[in-house]
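Here's the structure, in structure tokens; my notes come after.
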There are 2 protein chains.
Amino acid sequence: METLLPKFDSVFSIDCVIFGFDEGELKILLIERNEEPFKDWWALPGYIVEQEESIDHAAERILYELTGLRDIYMDQFYTFGDVNRHPQGRVITVAYYAMIRLNGSKELKPISNYASKAVWISVNDLPKLAFDHEKIFSRGFEKIRNKISYQPIAFELLPEKFTLTQLQQLYEVILNKKLDKRNFRKKMLNYGILKELDEKQKGVSYRAAKLYKFDKRKYTRLFQKELTFGK
Amino acid sequence: METLLPKFDSVFSIDCVIFGFDEGELKILLIERNEEPFKDWWALPGYIVEQEESIDHAAERILYELTGLRDIYMDQFYTFGDVNRHPQGRVITVAYYAMIRLNGSKELKPISNYASKAVWISVNDLPKLAFDHEKIFSRGFEKIRNKISYQPIAFELLPEKFTLTQLQQLYEVILNKKLDKRNFRKKMLNYGILKELDEKQKGVSYRAAKLYKFDKRKYTRLFQKELTFGK
DNA sequence: ACAAAAGTGTTCTACGTACACCCATGA
DNA sequence: TCATGGGTGTACGTAGAACACTTTTGT
């Protein structure tokens, strides 16, 4: 391909804020870097975009390399382009968030070679992060906090079958406030996007709760537009 | 600066969707390119980010070169990174929108040399655009349509002193629907963020309307959070 | 006097919010 | 039988939505 474009010493990268919900806590996936710079620091999973790869594809690839998962809900949310954000040169990074169903079976398969390990860490308990990754995380968190109020993204984080209490807990940790149980349930059920199952929770030492499913079919039929959750 | 980073044939650029409101119409600023590729096509104003320049700075620079204006409301909204979006190589572009007070005096000072002219064109009457700029425009328009519902960005487009009818017209063109006059005025005035002036409209051949100002001081005092306009 | 837009209130409905107790289950 | 969360209803206040006529001003 002929190019008339000027050449700069510049690189694109992708960084991902990958959310999971487990044991009542909102977590993100962090890696421990085993490359300079910031070797041995915690960082968001991310890497350089390849020459012949779209940025969406790069985001999916990075997620796959770390988790073995495909077809995950991902969304681009901001691009960070300060001159000195990377100590070794000009790197502009496009940030994505993803939401993963942890399902108890949260085994990670880090196929990647740029991370010595990958772990889920509660968003309330994050270590210092490499580069400007704390800023990136904050902005991503703000984004989903915002989005959960008008889009049904919460269901991406829950197991397929969940109780209303689990759903409420998830809203509470993302919005960082207590919600009223009766009001929450009334509102949720009123939307008509939950399918009540004939099944109950198992293995709890108290009254078992009914299980529900997110009814995506009904959701898209009812709402071309948007909901307002969690307010 | 030592660099261990790989080198790609890749370039960052910025593209801007610059909105203005004039004669009851929402317009954007387009340039006619005088460089290949897409020479003589209409395009969004945009250019390559310089080596030692942040992307926010690049966006402001591009706006300044075309309009002579600084300190304008600008916001990054999406990054477009498909492999073949530029015919001459890999170009990832970060898109910004801006809002400009046209004020009748809408003279443009295109200091730039990559555009043979720049004009304001109604969003309802756009020509075919170069590259993927139609996609970029649509996404930017969607973004402000969304944002105007919960943030007071409309005032960035209006003259300092405006009538309630002008304000309503602006909401109507952005939201693309008719609003009820009485409800609109009641709601707007209830927020308490408009300052009623002792002045009236001039030069109209019918009953002159009261002029208002956006009271930014009151706005920030009242709302740490957000409003919901235009619904 | 006419044309054009300014300006103004009420009613109904829907939704958010506050609030506390009994129930079912497993240990 | 006890501990633990599951599950439920009412009353109030607020905000959005529907809806039409009179007033002012310049020509």
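Chain naming here is simple, since letters A, B, ... match the order of the sequence lines and numbering starts at 1 in each. For clarity, every value in this text was computed on a predicted model and none was experimentally measured.
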Would you say [X] reaches [N]'s phosphate, i.e. side-chain N/O to OP1/OP2 under 4.0 Å?
X       : N       : answer
K187(B) : dG16(D) : yes
R182(B) : dC19(D) : no
S205(B) : dT25(D) : no

| query | What's the shortest heavy-atom distance between L44(B) and C16(B), and which atoms? | reply |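 Nearest pair, atom of L44(B) first, then C16(B): CB-O, 3.7 Å.
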
| message | Do the side chains of E172(B) and K177(B) get close enough for a salt bridge, i.e. N-O under 4.0 angstrom? | response |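 Judged by the 4.0 Å cut-off on N to carboxylate O distance, E172(B) and K177(B) do not form a salt bridge.
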
Roughly, in whole Å, what's the span from [atom1] in [X] to [atom2] in [N]?
X       : N       : atom1 : atom2 : answer
L179(B) : dA17(D) : CG    : P     : 9 Å
K178(A) : dC19(C) : NZ    : C1'   : 16 Å
K210(A) : dG7(D)  : NZ    : P     : 6 Å
N183(A) : dA11(D) : CG    : P     : 15 Å
M188(A) : dT8(D)  : CE    : P     : 16 Å
F184(A) : dC15(C) : CZ    : C1'   : 16 Å
D180(B) : dA20(D) : CG    : P     : 10 Å
Q201(A) : dT4(D)  : CD    : P     : 16 Å

| query | What nucleic acid atoms does N190(B) come within less than 4.0 Å of, heavy atoms only: base, sugar-phosphate, or nothing? | reply |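 Touches nothing.
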
| request: Scan T163(B) against the nucleic acid and name what it touches under 4.0 Å (heavy atoms): base, sugar-phosphate only, or nothing. | output: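 Counting heavy atoms under 4.0 Å across all strands, no contact is made by T163(B).
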
| request: Please determine, by modelled atom types, if Y47(A) and D15(A) share a side-chain donor-acceptor pair under 3.5 angstrom. | output: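 D15(A) and Y47(A) do not have a side-chain donor-acceptor pair below 3.5 Å.
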
Is there, by distance only and without an angle test, a donor paired with an acceptor across the side chain of [X] and the base of [N] below 3.5 Å?
X       : N       : result
K186(B) : dT10(C) : yes
R207(B) : dA6(C)  : yes
K181(A) : dG7(D)  : yes

| Side chain proximity check, L164(A) to K181(A), heavy atoms < 4.5 angstrom |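 With C-beta onward as the side chain, the pair stays apart.
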
| query | Is the closest side-chain heavy-atom distance between V123(B) and F141(B) below 4.5 Å? | reply |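 Contact flag for V123(B)/F141(B) side chains = yes.
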
| Y191(B) side chain: which of dT4(D), dG7(C), dG16(D) is closest? |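 Of the options given, the side chain of Y191(B) lies nearest dG16(D).
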
